[in-house]
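The structure's right below; bear with me while I get my questions together.
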Amino acid sequence: MDTAAWYRWFAEIEARVSSPQYERLANAVAESNELLERLSLLPETKRQPNLLFASVRFLGGPTDAVEGFVEFIRSNSDELEATMRTRSTQTNEVARCAAFLPLLADLKGEIALIEVGASAGLCLFPDLYAYSYDGEQIGDSALEIAVETAHTVPPPQRLPTVAWRAGLDLNPLSVSDDEDLAWLRACIWPEHNERRQRLDLAATIVATDPPRIDQGDLRSATLNLIDEAPRDATKVVFHSAVLAYVDEPSRLDFATTMRSLVNSRSDVVWLSNEGPSVIAGIEAADPIAEPPGHAQFHLGRDGTELIAVTDPHGGWLRWMPPR
């Protein structure tokens, strides 16, 4: 879709329920020839709404009023363009761990976690957080992740045993770097105070033993990490809200590679939490109950099986019925 249509779609589907500020701004951008012209100077992948809004917030600009937002862009166009060219949308939303946890807990023995698009690696530590599924708690941690499932999810009975963990990203971030943390905070939508608190808690936990995050492209770097992982551990390759930002040929190549791996090796599992149309081949089905928001992700296993419909920011889950 063209840029104006992209921002209209973002306002209608992504932001309407979750962020009135971003809904207003996205609609304003879609109707502004001036702003669309400025965005046209950037590569297509750098025109995305989340990247624009996060960059404005990162540079100290306002997002609570359209007039101030537009004036900030006019007055800081060079710095804003440079930020959007060098930064990427890296919403390291740790609440997404709650979607993966039931699947990880079902794996026997030790696991090796490999996160594609890991950002600062906060989601590489699902075993260090506590969880509440419709009030049923598991784990003991300063950070508790609460998720509403309409009682469709079998709550995990244990936390996974993680023997090894590593991530990869084109632009790795560090929880020990103040500027990187500022960028992560800027990527959180303005009304989402609970998410900011969750980010700060997770960063404090992870900072005691920061994860390894390699810089590299998703296909070759993933294969390298699989080869390095402990032989006796189940290698779990997982990602959330990553492949939509990858060009289609690279996305198809990665999916083909992962399907080949999981079909040929019993020690590799592939878990994806992406938009409904991002990974072709995952079966579609109606959820048990109507999701509470317009935007939704599909939690898939091994590139073919739809496990659940999920909230993009981790607040709710709807597990699929057994097939």
Side-chain angles (χ1 to χ4, degrees), residues 1-19 22 26 29-30 39 42-55 84-85 87-96 99-100 115-120 122-123 167-173 183-184 187-189 195 216-219 221-222 237-259 270-284 291 293-304 306-315:
M1 66 181 76
D2 64 28
T3 303
W6 191 354
Y7 276 75
R8 291 190 189 96
W9 178 89
F10 180 89
E12 173 68 23
I13 302 300
E14 294 279 350
R16 171 161 292 183
V17 173
S18 194
S19 176
Y22 279 4
V29 172
L39 288 170
L42 295 167
E44 185 175 354
T45 57
K46 294 292 186 177
R47 301 173 194 170
Q48 56 189 268
N50 272 324
L51 183 57
L52 171 61
F53 301 151
S55 296
M84 294 180 70
R85 287 184 180 275
R87 291 283 182 178
S88 300
T89 302
Q90 293 173 291
T91 307
N92 206 172
E93 178 48 71
V94 72
R96 292 169 180 156
F100 293 113
E115 185 179 10
V116 177
S119 185
L122 300 183
C123 291
L168 62 101
D169 202 288
L170 286 175
N171 300 288
L173 302 181
W183 175 248
L184 288 173
C187 286
I188 295 175
W189 297 6
R195 291 179 60 206
D217 72 274
L218 72 172
R219 182 178 178 275
T222 300
V237 178
F238 72 104
H239 50 86
S240 188
V242 172
L243 295 190
Y245 302 116
V246 177
D247 63 82
E248 187 173 4
S250 297
R251 187 163 66 238
L252 293 174
D253 184 48
F254 176 75
T256 299
T257 298
M258 289 307 306
R259 287 194 181 98
W270 174 27
L271 303 178
S272 57
N273 188 35
E274 302 282 353
S277 61
V278 171
I279 301 177
I282 292 182
E283 297 176 357
H294 289 291
Q296 56 184 246
F297 282 175
H298 282 180
L299 177 63
R301 179 165 51 200
D302 295 340
T304 57
L306 178 61
I307 300 296
V309 177
T310 76
D311 172 30
H313 295 139

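These numbers were taken from a predicted model, which means no experiment stands behind them.
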Between A26 and A11, what is the shortest heavy-atom contact and its length?
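Minimum heavy-atom separation between A26 and A11: CB-CB, 3.8 Å.
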
In chain order, what residues pass the ring-ring contact (aromatic ring centres under 6.0 Å, His included) check against W6, with sequence neighbours excluded?
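Partners of W6 under the ring-ring contact (aromatic ring centres under 6.0 Å, His included) test: none.
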
Any non-hydrogen side-chain atom of H298 less than 4.5 Å from a side-chain atom of V278?
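Contact flag for H298/V278 side chains = no.
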
Could you state the interatomic distance from CG (L170) to CG (L218), rounded to the nearest 0.5 Å?
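Spacing of CG (L170) from CG (L218) equals 8.0 Å.
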
Hey, does the side chain of W183 reach the backbone of S88 with a donor-acceptor pair shorter than 3.5 angstrom?
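Yes; at least one donor-acceptor contact below 3.5 Å.
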
Answer yes or no: is there a donor N or O on one side and an acceptor on the other, between the side chain of Q90 and the main chain of N171, under 3.5 Å?
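Yes: the side chain of Q90 pairs with the backbone of N171.
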
Any pair counted as salt bridge (charged side-chain N to carboxylate O under 4.0 Å, His left out), so long as it reaches residues 244-254, sequence neighbours left out
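Listed by first then second residue: R219-D253.
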
Do the side chains of C123 and N92 get nearer than 4.5 Å, heavy atoms only?
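They are in contact (side-chain heavy atoms under 4.5 Å apart), so the answer is yes.
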
Not counting sequence neighbours, which residues clear side chain to side chain contact (heavy atoms under 4.5 Å, CB included) with V242? List them please.
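V242 satisfies side chain to side chain contact (heavy atoms under 4.5 Å, CB included) with V116, H239, E274 once adjacent residues are dropped.
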
Using a 4.5 Å cut-off on heavy atoms from C-beta on, say whether the side chain of S272 contacts that of I282.
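Answer yes - side chains close enough.
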
Applying salt bridge (Lys or Arg N to Asp or Glu O under 4.0 Å), name anything that partners D2, two or more places apart in sequence or on another chain.
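For D2, no residue satisfies salt bridge (Lys or Arg N to Asp or Glu O under 4.0 Å) once neighbours in sequence are set aside.
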
Pairwise distance CZ(R195) to SG(C187) - rounded to 0.5 angstrom:
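The CZ atom of R195 sits 9.0 Å away from the SG atom of C187.
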
What I'd like to find out is whether the side chain of L271 reaches to under 4.5 Å of the side chain of V237, using heavy atoms alone.
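Counting from C-beta outward, L271 and V237 never come under 4.5 Å.
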
So, the side chain of R259 versus the backbone of G303: is there a donor-acceptor pair under 3.5 Å, distance only?
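Flag set: sc R259 to bb G303 pair under 3.5 Å.
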
Going through the checks in order, is the side-chain contact (heavy atoms from CB on, under 4.5 Å) test met by L122 and E93?
CA-CA 8 Å; L122 300 183; E93 178 48 71; over 6 Å; no

Salt bridge (Lys or Arg N to Asp or Glu O under 4.0 Å) involving E115 - partner list, sequence neighbours excluded:
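Not a single residue meets the salt bridge (Lys or Arg N to Asp or Glu O under 4.0 Å) criterion with E115.
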
Give the minimum heavy-atom separation between A118 and G167, together with the two atoms involved.
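Minimum heavy-atom separation between A118 and G167: CB-CA, 3.9 Å.
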
Short question: side chain of K46, backbone of R87 - any donor-acceptor pair under 3.5 Å?
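Yes: the side chain of K46 pairs with the backbone of R87.
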
Do F254 and V246 have side-chain heavy atoms sitting under 4.5 Å apart?
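No, too far: nothing below the 4.5 Å cut-off.
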
Any side-chain donor near an acceptor of the partner, D169 and S119, under 3.5 Å
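Looking only at side-chain atoms, S119 and D169 do not form any donor-acceptor pair under 3.5 Å.
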
What is the distance from atom OH of Y22 to atom CZ of F53, rounded to the nearest 0.5 Å?
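Between atom OH of Y22 and atom CZ of F53 there are 7.0 Å.
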
How far apart are the closest heavy atoms of L39 and M84, and which atoms are they?
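What the structure gives for the nearest pair is CD2-CE, 4.1 Å.
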
Does the side chain of D217 pick up a donor-acceptor pair with the side chain of S250 at under 3.5 Å?
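Absent: no donor and acceptor within the cut-off.
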
Rounded to the nearest 0.5 Å, what separation is found between the OG1 atom of T310 and the CG atom of N273?
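Rounded to the nearest 0.5 Å, the OG1-CG separation comes to 3.5 Å.
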
Would you call F297 and V309 a side-chain contact if the rule is heavy atoms closer than 4.5 Å?
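A side-chain contact under 4.5 Å is absent here.
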
Side-chain heavy atoms of H313 within contact of R96, under 4.5 Å
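Result yes, sub-4.5 Å side-chain heavy-atom pair found.
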
Regarding E14 and N50, is there a side-chain donor-to-acceptor distance under 3.5 Å anywhere?
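There is no such pair (donor and acceptor under 3.5 Å, judged by atom type) between the side chains of E14 and N50.
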
Closest approach of A30 to A4 (non-hydrogen atoms, all atoms of both residues):
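Taking every non-hydrogen atom into account, CB-O, 3.5 Å.
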
Which residues pass the ring-ring contact (aromatic ring centres under 6.0 Å, His included) test with F238, sequence neighbours left out?
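Listed in chain order: F100.
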
Where the side chain of S19 meets the backbone of A15, is there a donor-acceptor pair that is under 3.5 Å apart?
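Checked: no pair found.
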
Counting C-beta onward and ignoring hydrogens, is there a side-chain heavy-atom pair between Y7 and L52 closer than 4.5 Å?
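The answer is yes, as the side chains (C-beta and beyond) meet within the 4.5 Å cut-off.
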
